[in-house]
Amino acid sequence: MAETVSPRGLDPLGFIEREGSHARVPLVFRPVVAAVRDRLLEVFGARLDSAYLYGSVPRGTARTGRSDLDLVVVLRAEPAGGERDTARALGEAVDKEFPQIDGVGILLYSRARVLDERERYDVGWFVACQCTPLLGEDLAEFLPRYRPDSLLARETNGDLADLLPRWRRRIATAGDSEEALRPLVRFMSRHLVRTGFTLVMPRWNGWTSDLREMAEAFAGSYPERGGQLRRAAELGQEPVGDRAVLRSYVDDLGPWLAHEYARVHGVKTPRPDGWD
């Protein structure tokens, strides 16, 4: 039976539907998924609690040679510095081997953090609603259902003001090459579009991960800034290595969005030191 999803990404009771499935992974990306699954087991072994796919590959919208492969890896204990290096090296190796993908991103968490009450509406929601199980126990079984409300908006993206100084440092230390700047444009574009969308999410009353649809939802409430978010959605899919774009994000769109977000939803609950 074909999968059915209610309009605006909600089930009949108004909860956010989980995105993605292995059935939606395009055939061209399945060898990549199989390889990374095996290598996660080899590299992390008994330390591995679970792993997940997220992003365009499990949603079935990935483009060959243009899309990246995104993963969440959950360990039995808090990740150490060496394990982050290991994850980075694994991603670089897979990216180099498979031309179907343009980069590999691996988020590393502990089981305790995913299930921590303080992360229930951020990392917990992300795993439960945005991630497709790949290995191990599915931690979504221990998490609640979620609605597109102001609490979720605040706890997912209510920290943009804290992120902007880090972004400025990353921009300042990045090289001027296309190779150095393009990943930053893609990352920051996507983050700003998602933040703009969650700003209006409770009013829109739904969920989507489509960047263009996110930008349109935002533009319906903030037409004076709609063009900026539409352009960011384009650059999130087709990034260019342009430092001027990055400066516009941290000097104009980002500060405005952070201020408006805090006004509407408040500021994200502070996390312990070391929880990035």
Side-chain angles (χ1 to χ4, degrees), residues 4-20 52 54-56 58-59 61 70 72 107 114 117-132 140 143-164 167 186-237 249 253-271:
T4 59
V5 178
S6 300
R8 294 183 184 263
L10 305 182
D11 70 12
L13 297 178
F15 294 109
I16 296 174
E17 287 275 6
R18 192 175 207 173
E19 291 185 339
Y52 304 81
Y54 72 95
S56 60
R59 289 199 304 266
T61 60
D70 296 308
V72 171
L107 300 175
V114 173
E117 181 71 27
R118 292 165 292 185
E119 291 285 15
R120 178 153 293 183
Y121 289 88
D122 189 8
V123 176
W125 164 81
F126 180 64
V127 167
C129 294
Q130 305 297 296
C131 293
T132 298
L143 294 163
R145 304 297 306 279
Y146 297 88
R147 298 185 186 276
D149 55 19
S150 186
L151 171 62
L152 183 62
R154 186 187 75 221
E155 293 303 308
T156 52
N157 289 305
D159 59 348
L160 182 58
D162 292 334
L163 295 177
L164 288 174
W167 287 13
R186 176 164 59 185
F187 165 74
M188 293 181 189
S189 297
R190 292 179 179 183
H191 194 107
L192 289 175
V193 172
R194 289 166 183 153
T195 302
F197 170 70
T198 51
L199 171 63
V200 303
M201 174 183 65
R203 187 185 315 175
W204 197 70
N205 191 32
W207 177 263
T208 178
S209 285
D210 183 279
L211 293 177
R212 295 180 188 277
E213 191 172 15
M214 285 180 162
E216 290 304 321
F218 170 85
S221 294
Y222 294 94
E224 70 282 5
R225 291 277 181 171
Q228 288 178 288
L229 220 69
R230 290 188 182 103
R231 178 57 177 158
E234 294 174 2
L235 292 172
Q237 294 182 314
Y249 287 168
L253 179 59
W256 174 85
L257 188 53
H259 180 270
E260 183 66 5
Y261 212 99
R263 185 187 72 82
V264 174
H265 297 300
V267 177
K268 183 175 182 175
T269 304
R271 301 300 195 260

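What's counted below: heavy atoms across the whole structure, side chains too, no hydrogens, waters or symmetry copies. Not measured: the values here are computed from a predicted model.
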Visitor: Going through the checks in order, is the side chain to side chain contact (heavy atoms under 4.5 Å, CB included) test met by L253 and L229?
Guide: CA-CA 9 Å; L253 179 59; L229 220 69; 4.1 Å; yes

Visitor: I need the H265 NE2 to D149 CG distance, nearest 0.5 Å.
Guide: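 It comes to 9.5 Å.
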
Visitor: Closest approach of L211 and V193, non-hydrogen atoms and distance?
Guide: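 Result for this residue pair: O-CG1, 3.6 Å.
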
Visitor: Which residues satisfy the side chain to side chain donor-acceptor pair (under 3.5 Å) test with E213, sequence neighbours excluded?
Guide: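 T208.
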
Visitor: For the pair D159 and R271, find out whether any cationic side-chain nitrogen is under 4.0 Å from an anionic carboxylate oxygen.
Guide: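 Here D159 does not pair with R271 in a salt bridge, since their nearest N and O are not under 4.0 Å apart.
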
Visitor: Rounded to the nearest 0.5 Å, how far does CG of N205 lie from CG of L10?
Guide: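 CG of N205 is found 6.0 Å from CG of L10.
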
Visitor: Out of curiosity, E17 CD to R8 CZ, how far, rounded to the nearest 0.5 Å?
Guide: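 Going from the CD atom of E17 to the CZ atom of R8 covers 15.0 Å.
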
Visitor: Are W167 and L160 close enough that some pair of their side-chain heavy atoms sits under 4.5 Å apart?
Guide: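 W167 reaches L160 side chain to side chain.
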
Visitor: Looking at every heavy atom in both A219 and G226, which two are closest together, and how far apart are they?
Guide: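 Closest heavy-atom pair between A219 and G226: CB-CA, 3.7 Å.
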
Visitor: Contact between F218 and E216 at the side-chain level, heavy atoms closer than 4.5 Å - yes or no?
Guide: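 Result no, sub-4.5 Å side-chain heavy-atom pair not found.
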
Visitor: Grab the two heavy atoms, one from G206 and one from P148, that are nearest each other, plus how far apart they are.
Guide: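 Taking G206 first and P148 second, the nearest heavy atoms are O-CB, 3.6 Å.
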
Visitor: Taking the side chain as every heavy atom from C-beta outward, state whether E155 and R120 have any pair of such atoms under 4.5 Å apart.
Guide: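 Not touching, per the 4.5 Å side-chain cut-off.
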
Visitor: Could you give the distance from CG (L199) to CZ (R263), rounded to the nearest 0.5 Å?
Guide: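 Between L199 CG and R263 CZ, I get 8.5 Å after rounding to 0.5 Å.
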
Visitor: Considering all heavy atoms of both residues, which atom of V72 and which atom of C131 are nearest to each other, and what is their separation?
Guide: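 Shortest heavy-atom contact: CG2-SG, 3.9 Å.
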
Visitor: By the definition side-chain contact (heavy atoms from CB on, under 4.5 Å), identify the one residue from R230, R231, R225 that meets it with Q228.
Guide: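 It is R225, the one option of R230, R231, R225 that forms the side-chain contact (heavy atoms from CB on, under 4.5 Å) with Q228.
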
Visitor: Look at the side chain of T156 and the backbone N and O of A153, then say whether any donor-acceptor pair between them is shorter than 3.5 Å.
Guide: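 It does hold such a pair.
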
Visitor: Do R147 and L152 have side-chain heavy atoms sitting under 4.5 Å apart?
Guide: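 No; the side chains remain at least 4.5 Å from each other.
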
Visitor: When rounded to the nearest 0.5 angstrom, what is the spacing between CZ in R190 and OG in S209?
Guide: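 Going from CZ on R190 over to OG on S209, the span is 11.0 Å.
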
Visitor: Can you tell if the side chain of Y249 reaches within under 4.5 Å of the side chain of S189, non-hydrogen atoms only?
Guide: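 Yes, side chains in contact.
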
Visitor: On a heavy-atom basis, which atom in Y146 and which in G124 lie closest, and how many Å separate them?
Guide: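 That closest heavy-atom pairing would be OH-C, 3.7 Å.
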
Visitor: Which atom names give the shortest non-hydrogen contact between G196 and L257, and what distance separates them?
Guide: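 Distance-wise, the nearest heavy atoms are N-CD2, 3.8 Å.
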
Visitor: Any ion pair linking D162 and K268 (charged N to carboxylate O, less than 4.0 Å)?
Guide: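 Judged by the 4.0 Å cut-off on N to carboxylate O distance, K268 and D162 do not form a salt bridge.
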
Visitor: How about Y261 and T198: does a side-chain donor come under 3.5 Å of a side-chain acceptor?
Guide: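 Y261 vs T198: donor-acceptor pair found between side chains.
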
Visitor: So do the side chains of F126 and Y52 get within less than 4.5 Å of each other, counting heavy atoms only?
Guide: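 Result no, sub-4.5 Å side-chain heavy-atom pair not found.
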
Visitor: To the nearest 0.5 Å, what is the distance between OG1 on T132 and CD on E19?
Guide: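 Separation between the atoms: 8.5 Å.
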
Visitor: Taking ring pair (Phe, Tyr, Trp, His ring centres under 6.0 Å) as the test, write out the residues that go with W207, two or more places apart.
Guide: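 Applying ring pair (Phe, Tyr, Trp, His ring centres under 6.0 Å) to W207 gives W125, F197.
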
